[in-house]
Colleague: 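Attaching a single structure in structure tokens format; questions to follow.
Each ligand, and each atom within it, is numbered from 1 in the order the structure gives.
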Amino acid sequence: MLKVVVIGMGYIGLPMAALLADAGCDVVGVDINEEKLDLISKGKTPFDEPGLDELVARCVKVGKLTVQKEVPEADFFIIAVPTPVRGRACDLKYVVSAMKGVVEKAKDGDLVVLESTVRPGTCVSVLKPMFEKAGKDVLIAHCPERAIPGMTLKELVKNDRIIGGVTYLATLRAKILYTMFVEGELLETDSVTAEAVKLFENTYRDVNIALANELEEISGELGIDFWETIGMANRHPRVNIHKAGVGVGGHCIAIDPWFLIEKSVSGRLIRTAREINDGRPHLIARRAMERLEESGGLKVAILGVTYKENIDDCRESPSEKLYEELEAMGYEVQAHDPLVRKWKYPLCDDLEKIQNWADLVIVAVPHDFYKDKITCKRVLDTRNFCGK
Ligand code: SAJ
């Protein structure tokens with residue numbers, strides 16, 4: 001049976017570890033967070049993801065998935081740790097620290113797969129030299145994750161995957177691993193191309209969202225309804241204008257474009273798109289101010305603090321920036337989110353109460369929960385959610 005170690009028990013690492021365990025592999029999940037390890041070892045999940053609870057519980061129960069803090073020996077190592085952005089560049093500190101344990105335990109011929117999103121060239125110029133220095137002949141591949149939160153399990157299984165080995169042998173060996181649970185096609189390439197594919201995907205989405213946000217601003221200047229206009233434009237068979245909103249959040253789309261242009265002399269469009277999307281919370285706060293200057297009042301409610309609808313993930317949420325902008329403008333701000341227990345700022349848990357309290361309600365995240373529940377008369381609807 002394949003012995004697999006997955007480092008990083010987060011939004012991608014844990015579902016992957018569970019899918020591999022369910023497919024029959026002996027999987028050890030590694031993480032530095034003991035609280036997380038404790039939960040998983042009891043068959044529980046540290047975050048909400050449809051279907052994951054039952055899958056993890058089942059794999060832990062039969063002993064196919066275990067967790068620990070230290071990296072053990074194995075035949076396959078998967079690295080799925082965060083790669084945050086720092087100073088508009090990819091910060092590899094978690095990858096490098098995860099790699100230390102792998103370099104120590106890996107044997108000649110083992111396969112190391114990097115799933116974390118990185119700037120092109122990382123496998124060749126950072127991972128490979130670490131093993132060379134230790135005198136180990138290890139196979140290395142980049143297989144970027146492409147699943148969307150809320151549908152992670154389904155997408156990890158069904159989506160096509162990019163398998164980019166530093167050598168062709170690494171690609172072939174990685175295919176053996178991914179065949180265990182992926183039903184999509186496994187597309188072979190080299191590691192630099194695989195690293196770029198992932199960044200192209202998320203940059204494509206970021207630039208398209210920036211276009212939507214800009215078209216929404218132009219619609220305002222023209223006095224036309226943006227949502228009606230894109231609804232009609234999107235009836236053209238080759239047009240798919242994205243949705244405008246309060247900004248781009250999450251741990252991928254707001255970050256990955258920077259990795260792509262980090263060392264590039266080009267990238268003007270990508271940089272501008274990032275700036276347009278990052279500027280949205282400020283723009284929405286200014287709109288709120290204009291509305292309140294007309295109608296009077298100082299109390300603003302933000303509905304939805306996650307980075308997008310129907311999930312509980314608040315990482316890089318534009319609502320956080322919106323909250324801060326409004327407070328800096330002198331407003332009294334309260335926030336509500338039915339899916340979040342704890343946030344950076346206090347949350348009101350009574351939707352009716354917060355709407356009665358507010359002079360203006362901003363619908364920042366259109367959770368399904370809010371359907372037919374927006375009763376406040378003064379609403380700034382960033383997503384054309386309630387038609388107000
Ligand atoms: N958003 C808009 N308008 C839109 C679509 C999204 O403003 O039309 C906003 C969302 O509200 C959110 C942000 O963009 O704040 C990002 O949301 P998302 O649903 O576009 O993407 P993520 O970050 O949840 O997941 C993306 C996915 N990539 C693509 O769709 C190309 C996913 O497949 C990747 O695996 C993931 O990034 C990742 O981990 O890289």
Side-chain angles (χ1 to χ4, degrees), residues 8 10-16 47-49 80-85 90 114-119 142-162 184 194-217 226-227 230-231 233-234 239-260 273-274 276-281 283-284 303-322 337 339 363-367 381-385:
Y11 293 86
I12 292 296
L14 179 57
M16 270 205 59
F47 52 88
D48 289 335
E49 182 60 45
V81 296
T83 42
V85 66
C90 179
L114 182 63
E115 281 251 354
S116 314
T117 308
V118 289
R119 72 173 160 263
H142 182 61
C143 306
E145 56 87 3
R146 315 170 94 187
I148 201 140
M151 290 207 288
T152 303
L153 282 178
K154 185 175 162 238
E155 291 210 352
L156 280 178
V157 173
K158 299 278 178 198
N159 289 0
D160 294 341
R161 293 299 295 256
I162 315 299
E195 289 159 339
V197 168
K198 167 72 186 206
L199 300 181
F200 278 23
E201 290 167 2
N202 282 353
T203 300
Y204 161 87
R205 196 146 168 88
D206 195 44
V207 171
N208 273 289
I209 296 168
L211 174 66
N213 283 331
E214 191 162 275
L215 293 176
E216 191 243 16
E217 287 174 45
F226 166 74
W227 300 98
I230 64 159
N234 284 345
V239 174
N240 178 20
I241 299 170
H242 287 44
K243 296 189 193 93
V246 70
V248 171
H251 40 108
C252 307
I253 294 189
I255 288 170
D256 296 357
W258 293 125
F259 299 178
L260 189 62
R274 275 284 65 249
I276 289 173
N277 290 337
D278 276 352
R280 288 296 288 188
L283 190 132
I284 300 292
L303 302 190
V305 302
T306 54
Y307 87 82
K308 66 177 184 181
E309 60 270 31
N310 303 326
I311 58 167
D312 68 348
D313 190 338
C314 296
R315 285 176 296 171
E316 316 291 327
S317 162
S319 294
E320 192 178 309
K321 250 192 176 173
L322 177 63
D337 197 302
L339 304 180
V363 181
V365 184
H367 291 306
D381 182 0
T382 67
R383 264 300 170 83
N384 194 33
F385 179 70

Colleague: If you look at every heavy atom in Thr83 and Ser116, which pair is closest and at what distance?
Modeller: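 It is CG2-CB, 3.9 Å.
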Colleague: Between Glu216 and Arg280, is there a side-chain N and carboxylate O pair less than 4.0 Å apart?
Modeller: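 Result for this pair is yes, salt bridge flagged.
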Colleague: Give the residues near ligand 1 by chain and number, with the criterion being a heavy-atom distance under 4.0 Å.
Modeller: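 For ligand 1, the residues that come within the 4.0 Å heavy-atom cutoff are Glu145, Arg146, Ala147, Ile148, Pro149, Lys198, Glu201, Asn202, Arg205, Ile209, His242, Lys243, Gly247, Val248, Gly249, Cys252, Ile253, Asp256, Tyr307, Lys308, Arg383.
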Colleague: So do the side chains of Trp227 and Lys243 get within less than 4.5 Å of each other, counting heavy atoms only?
Modeller: yes
Colleague: Is any side-chain heavy atom of Lys308 closer than 4.5 Å to a side-chain heavy atom of Ile148?
Modeller: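 Counting from C-beta outward, Lys308 and Ile148 do come under 4.5 Å.
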Colleague: Please list, chain by chain and in numerical order, all residues satisfying ring-ring contact (aromatic ring centres under 6.0 Å, His included) with Tyr11, sequence neighbours excluded.
Modeller: Phe47
Colleague: Check this for me, if you would: do Glu145 and Lys198 make a salt bridge, where the nitrogen-to-carboxylate-oxygen distance has to be below 4.0 angstrom?
Modeller: yes
